[in-house]
Amino acid sequence: MSLKDQIQILVVDDMSTSRGLIVQALESFGIRNIHAASSGDEALSAIARQPVHLVLSDYNMPGMSGIELLKNLRQGAATKGVGFILITGKADKETVDAGKALGMNNFIKKPFGNPDLKACLEAVVGRL
């Protein structure tokens, strides 16, 4: 079985359009096991029910930001090793440094195309 068939990915974004576009891109890469959540709280609940290998999370969400979600994941015994890619419209040094300090695996700046997303993913999980 290939990585595409095995990897479990959770896409977290409060905007349904953005979630949908990311899910479509992942599907176009041949990834089969994609889950989605519209908030950090929903993501944590989803991961508690169905563990994932990788989280792709928007930075700017109401309630819990992507950085706060990452912090929560890193504090959990069962989730501290989950891969994490931050999706942000403002990839400023402060945001990127905060993510790196918490163990973010990679980040991607909006807007991005499918080739950029694939390269970002492959930098974390290996060739798809």
Side-chain angles (χ1 to χ4, degrees):
M1 248 210 232
S2 73
L3 178 63
K4 294 178 196 180
D5 295 323
Q6 295 178 35
I7 192 166
Q8 298 277 339
I9 297 180
L10 176 64
V11 176
V12 187
D13 198 313
D14 60 309
M15 302 289 293
S16 61
T17 304
S18 295
R19 262 192 332 270
L21 289 171
I22 295 166
V23 167
Q24 281 181 338
L26 295 172
E27 288 173 342
S28 77
F29 306 152
I31 296 171
R32 304 276 174 254
N33 303 304
I34 307 164
H35 314 276
S38 61
S39 70
D41 286 327
E42 188 180 322
L44 292 172
S45 295
I47 292 170
R49 288 189 310 273
Q50 170 70 52
V52 297
H53 300 107
L54 180 67
V55 172
L56 279 76
S57 176
D58 187 28
Y59 169 76
N60 188 18
M61 298 184 290
M64 185 186 303
S65 73
I67 292 290
E68 291 167 328
L69 172 59
L70 174 58
K71 187 176 183 180
N72 273 283
L73 290 171
R74 292 299 180 249
Q75 290 173 345
T79 57
K80 65 182 176 193
V82 170
F84 193 93
I85 295 175
L86 186 68
I87 301 167
T88 179
K90 61 170 215 163
D92 57 40
K93 184 174 177 5
E94 185 179 320
T95 302
V96 172
D97 287 349
K100 285 181 179 176
L102 291 167
M104 168 182 78
N105 298 91
N106 208 347
F107 71 95
I108 189 166
K109 186 177 183 326
K110 291 179 186 178
F112 55 85
N114 285 9
D116 300 321
L117 180 59
K118 187 172 185 183
C120 179
L121 275 171
E122 287 182 337
V124 175
V125 301
R127 188 176 169 131
L128 294 173

Are H53 and N33 close enough, and set up right, to give a side chain to side chain contact (heavy atoms under 4.5 Å, CB included), and what steps lead you there? CA-CA 10 Å; H53 300 107; N33 303 304; over 6 Å; no
Taking all non-hydrogen atoms of both residues, which atom of [X] and which atom of [Y] are closest, and how far apart?
X    : Y    : result
P62  : D14  : CD-OD2, 3.3 Å
M61  : S57  : CE-OG, 3.6 Å
L102 : R74  : O-CG, 3.0 Å
N114 : A25  : OD1-CB, 3.3 Å
G99  : L70  : O-CD2, 3.6 Å
A91  : F107 : CB-CE1, 3.7 Å

Should [X] and [Y] count as side-chain neighbours, where that means a heavy-atom distance under 4.5 Å?
X   : Y   : result
F84 : L69 : yes
L73 : K80 : no
D58 : S18 : no
R49 : S45 : yes
S38 : R19 : yes
N60 : S65 : no

Only residue of I67, V96, T95 satisfying side-chain contact (heavy atoms from CB on, under 4.5 Å) with M104 is V96
Only one of I47, T79, L44 forms a side-chain contact (heavy atoms from CB on, under 4.5 Å) with N72, so which one is it? L44
Working to the nearest 0.5 angstrom, can you tell me the gap between R32 CZ and Q6 CD? 13.0 Å
Backbone of G89 reached by a side-chain donor or acceptor of K109 within 3.5 Å: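 Looks like yes, one N/O pair under 3.5 Å.
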Which ILVMFWY residues can you reach from I7 by hopping between side chains whose heavy atoms are under 4.5 Å apart?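 Its cluster mates, by chain and number, are L3, I9, V11, I22, V23, L26, F29, I31, I34, L54, L56, I85, I87, I108, F112, L117, L121, V124, V125, L128.
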Quick one about H35 and Q8 (side-chain donor to acceptor, distance below 3.5 Å, no hydrogens or angles considered), yes or no?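 Short answer, yes.
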With a 6.0 Å cut-off (strictly less than), is the heavy-atom count around CD of E94, excluding the residue itself, greater than 12?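 At most 12 heavy atoms, drawn from other residues, nucleotides or ligands, come within 6.0 Å of this atom.
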Are more than 12 heavy atoms from other residues, nucleotides or ligands located less than 6.0 Å from atom NZ of K118? yes
Go through the steps for T88 and K110 under the test side chain to side chain contact (heavy atoms under 4.5 Å, CB included), then give the verdict. CA-CA 6 Å; T88 179; K110 291 179 186 178; over 6 Å; no
